[in-house]
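Notes follow once the structure below has been shown.
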Protein chains: 4
Amino acid sequence: MAAAGSRRLPRAERERQMLDAAVATFARRGYRAASMDEIAEAAGVSKPLVYLYLNSKDELFSACIRREAAALTAAVRDAVEVGATPERQLWSGLLGFFEHTAAHPDGWAVLYSQARTVGEPFAAEVAVLRSEIVDFVAALLTAACGSRDVAAYAHALVGAAESLAGWAATAPDPAPTGRELAASLMTFAWSGLSQAVTGRVEGPAREESGRAG
Amino acid sequence: MAAAGSRRLPRAERERQMLDAAVATFARRGYRAASMDEIAEAAGVSKPLVYLYLNSKDELFSACIRREAAALTAAVRDAVEVGATPERQLWSGLLGFFEHTAAHPDGWAVLYSQARTVGEPFAAEVAVLRSEIVDFVAALLTAACGSRDVAAYAHALVGAAESLAGWAATAPDPAPTGRELAASLMTFAWSGLSQAVTGRVEGPAREESGRAG
Amino acid sequence: MAAAGSRRLPRAERERQMLDAAVATFARRGYRAASMDEIAEAAGVSKPLVYLYLNSKDELFSACIRREAAALTAAVRDAVEVGATPERQLWSGLLGFFEHTAAHPDGWAVLYSQARTVGEPFAAEVAVLRSEIVDFVAALLTAACGSRDVAAYAHALVGAAESLAGWAATAPDPAPTGRELAASLMTFAWSGLSQAVTGRVEGPAREESGRAG
Amino acid sequence: MAAAGSRRLPRAERERQMLDAAVATFARRGYRAASMDEIAEAAGVSKPLVYLYLNSKDELFSACIRREAAALTAAVRDAVEVGATPERQLWSGLLGFFEHTAAHPDGWAVLYSQARTVGEPFAAEVAVLRSEIVDFVAALLTAACGSRDVAAYAHALVGAAESLAGWAATAPDPAPTGRELAASLMTFAWSGLSQAVTGRVEGPAREESGRAG
DNA sequence: AATGAATGAGGATTCATTCAT
DNA sequence: AATGAATGAATCCTCATTCAT
């Protein structure tokens with residue numbers, strides 16, 4: 001079960017192992033149900049070492065959140081094509097988002113499922129992350145179509161993305177790729193269902209429009 | 001905190017009080033963090049009485065889930081205008097959904113935030129509920145526009161609705177009404193953002209179609 | 001499960017039902033593990049009624065002990081042939097003992113297994129009963145053979161009888177009858193194993209000797 | 001009450017201390033009435049440590065049973081003179097039995113009084129032990145006198161021994177020694193009460209026979 | 001004669017956390 | 001750099017017992 005491996009690692013490495021184990025454990029069992037014993041064993045170290053490096057369960061969880069939030073943020077930021085049209089920026093950001101969440105399901109679970117439900121110090125941390133994303137999306141929407149109600153649309157879009165990420169994680173037999181999810185969501189959001197019937201869009205490959213037409 | 005009230009109530013009423021207290025407590029603190037002591041006190045009764053009527057923390061939580069799921073289901077079912085166009089059915093269902101979740105934020109939190117993250121007996125219970133909703137929405141989408149990708153769109157729409165419900169619950173100063181939320185989401189989903197700029201669609205106010213052309 | 005039956009019985013009858021249920025429950029589960037709920041349900045009455053009639057768990061258990069001890073004592077006393085030879089008195093007493101314990105296994109279990117191990121108020125009650133029996137046996141032994149060591153022999157004999165009663169209760173396929181057990185024990189005790197090989201005794205049917213001779 | 005002693009012992013030693021405390025507590029109070037608090041205090045440690053090493057009350061009790069059963073078995077096995085006549089084997093076995101039970105009254109109480117009455121996982125464990133002893137005795141009896149009814153005689157003999165062990169434990173002022181008890185029981189069982197009047201037999205002091213003629 | 005409603009007290013078990021090495 | 005030994009403080013749950021009718 002434990003990562004066994006070599007004794008006497010440098011601190012940075014050990015800390016990474018512990019965070020990996022913690023993220024996996026928190027994802028699977030939830031914050032309260034995960035025990036420090038469990039995490040220490042999963043990390044292949046003794047419990048006092050976990051405390052030596054990470055001080056407390058709260059701080060450990062917080063460190064997990066920060067690390068996973070940073071990773072997700074970085075993945076999306078790196079994916080967004082700066083300078084492109086808003087639509088294209090949105091498309092590329094969604095792609096980055098879906099690919100990262102698919103590649104790091106435990107991190108995503110910690111951020112999305114666990115941290116939000118545990119209550120106060122932590123819910124606030126992820127709320128910040130989420131509202132940054134919502135604001136970014138809102139800015140894109142404003143730039144793209146100047147719509148009123150951007151706030152609502154941005155929340156809707158983010159919620160839709162979260163839902164699709166969760167859906168993709170739970171076994172629809174040939175799991176949709178990040179690209180497919182992004183394409184579906186772009187179509188859904190951009191063109192609207194009323195036009196989706198005719199849409200053949202698989203992503204805004206051509207400049208200007210995610211839906212042709 | 002305690003319901004004070006009269007001692008010696010008939011069982012059915014006491015049971016209802018207990019479920020109310022439990023839903024509120026689980027919503028605020030989460031399944032694991034909520035203690036039976038806390039719940040009993042919130043219900044204004046002693047802990048043994050909670051056990052006498054509801055047997056265990058698991059069963060109590062399960063009873064909360066079932067009650068809130070049934071209430072939500074009923075609210076949506078009663079709101080949907082049977083026989084109307086799919087679009088109008090979706091509109092009326094969303095309206096029912098947003099009004100119910102706004103009126104019962106604790107029940108919604110238990111279903112959406114807590115039950116899904118606690119793990120197995122419970123996650124499955126709400127997964128069933130959610131997939132029923134997703135399937136219902138998918139059927140409407142199919143009927144409405146025969147779109148490919150209905151599964152993805154249905155998940156996106158449901159996720160968007162969940163996100164808006166959560167957003168409305170967390171203090172945007174003049175909280176959007178259920179009607180506004182439903183209208184935003186209909187526009188978002190039906191017409192697409194690329195057309196939202198005209199902002200004409202506020203929900204299918206006119207008989208027959210919210211989508212028109 | 002409950003004895004159901006008619007409401008509103010006269011007190012004596014109800015009390016008997018309760019004691020029956022209590023003896024059965026204590027025998028099966030032990031004093032501590034048996035709950036008043038369980039006993040009340042087995043008796044087919046509500047718990048407050050049990051308290052109304054028998055006051056407390058302690059007193060209820062005590063009442064069980066007294067009733068079963070009295071029944072066993074009476075069975076043995078009635079079986080002993082007064083005025084007969086000591087050997088014959090012993091034989092008839094053993095016969096009464098084995099037949100009663102076989103007929104009332106729950107009562108026997110309460111006296112022998114449970115009451116002795118529960119600790120102080122109760123262990124003393126059965127200790128009295130047992131020592132009366134031991135004394136009675138010791139008197140017979142003294143009368144019969146004037147042996148020194150009667151105390152030890154009496155304890156041995158009583159222990160042997162208890163062991164055989166327990167053995168008979170636990171499924172040796174054709175369970176030995178009380179008569180057979182009494183015969184075995186008489187032979188064992190009276191003639192000694194060294195002579196048992198030739199013994200054909202099935203009980204001291206003929207005057208004078210339980211072993212022929 | 002606490003073993004005071006030094007803090008921070010090696011696990012094996014602490015575990016032994018805990019078992020000692022548990023055996024004493026279970027013997028005095030019974031399985032159900034003994035609380036883990038009580039046992040931990042008697043062992044001079046905190047409750048969590050008891051759980052860390054012995055997992056649960058059930059497992060703790062089971063460990064007590066196994067340890068005491070093994071000790072008793074070993075004592076008797078080591079006492080039996082292998083290769084001697086059956087009579088002499090029985091004599092030496094009884095001697096070992098009485099000496100061990102006198103030296104370890106708590107262990108004997110746990111096996112004889114408590115474990116048998118607690119119900120299923122445990123009663124079975126000691127039933128196995130007891131039936132092994134009964135079988136061993138039965139084999140000796142068969143070898144010694146080929147008697148019919150060995151089963152009954154073996155049960156009687158074992159029961160008599162148990163009774164004498166219990167008697168010796170409860171304060172007959174000059175407590176009989178193991179040797180005296182074994183001698184009484186050998187006489188009782190081997191020669192029979194009808195011959196005990198001569199009282200010559202005190203155990204097989206002379207080589208070869210405890211029964212002589 | 002009988003019961004539905006209710007509770008104070010206690011017991012098993014778990015967990016985050018620290019100490020001594 | 002790392003760990004075996006140890007615990008204070010909850011938490012779930014049960015039970016004997018009483019009250020009001």
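Numbers restart at 1 for each chain; the letters A, B, ... are given by sequence-line order, proteins then strands.
Here the P atom of nucleotide dC13(F) and the NZ atom of K57(B) are 8 Å apart, to the nearest Å. When rounded to the nearest whole Å, the span between CG of D37(B) and P of dG8(E) equals 12 Å. In this structure, CZ of R11(B) is placed 17 Å from P of dT3(E), rounded to the nearest angstrom. The nearest whole Å value for the distance from the CG atom in L60(A) to the C1' atom in dC15(E) is 15 Å. Spacing between atom CD of Q17(D) and atom C1' of dA5(F) amounts to 13 Å, rounded to whole angstrom units. Taking atom CD of residue E59(B) and atom P of nucleotide dC12(F), one finds them 15 Å apart after rounding to whole Å. The distance from atom CD of E41(A) to atom P of dA2(F) is 18 Å, rounded to the nearest whole Å. Following rounding to the nearest Å, E15(D) (CD) and dG4(F) (P) show an atom-to-atom distance of 15 Å.
Residue A33(D) is out of contact with every strand shown, counting any heavy-atom pair closer than 4.0 Å.
Looking only at side-chain heavy atoms (C-beta outward), S46(B) and L49(B) come within less than 4.5 Å of each other. You'll find the side chain of Y53(A) stays beyond 4.5 Å of the side chain of V45(A), heavy atoms only. Side-chain atoms of F26(C) and K57(C), non-hydrogen and from C-beta on, do get closer than 4.5 Å to each other. Within the 4.5 Å cutoff, side-chain heavy atoms of L9(D) are placed close to those of Q17(D). Residues L19(A) and L60(A) are in side-chain contact: their nearest non-hydrogen atoms beyond the backbone lie under 4.5 Å apart.
The side chain of Y53(C) contributes an N or O atom lying less than 4.0 Å from OP1 or OP2 of dA2(E). Under 4.0 angstrom from either OP1 or OP2 of dT11(F) there lies no side-chain N or O belonging to R32(B). For the pair R14(B) and dA6(E), the criterion of a side-chain N or O lying under 4.0 Å from OP1 or OP2 is met.
Residues Y51(C) and A34(B) each lie close to DNA chain F; by heavy-atom proximity, the contact nearer the 5' end of the strand is made by A34(B). Residues P10(C) and P48(B) each lie close to DNA chain E; by heavy-atom proximity, the contact nearer the 5' end of the strand is made by P10(C). Remark on DNA chain E: of its neighbouring residues L49(C) and R29(D), the 5'-side contact belongs to L49(C), judged by nearest-heavy-atom nucleotide. When each of S46(D) and S56(B) is assigned the nucleotide of DNA chain F with its nearest heavy atom, S46(D) is the one assigned upstream, toward the 5' end.
dT14(F) is paired with dA9(E) under the Watson-Crick or G-U wobble criterion, all donor-acceptor distances under 3.5 Å. Using Watson-Crick or G-U wobble geometry with both donor-acceptor distances under 3.5 Å, dA20(F) finds its partner in dT3(E).
For K47(D) against dT13(E), a side-chain N or O and a base N or O form a donor-acceptor pair under 3.5 Å.
When distances run from any side-chain atom of S35(D) to the nucleotides dA12(E), dC12(F), dT7(E), the shortest one goes to dA12(E).
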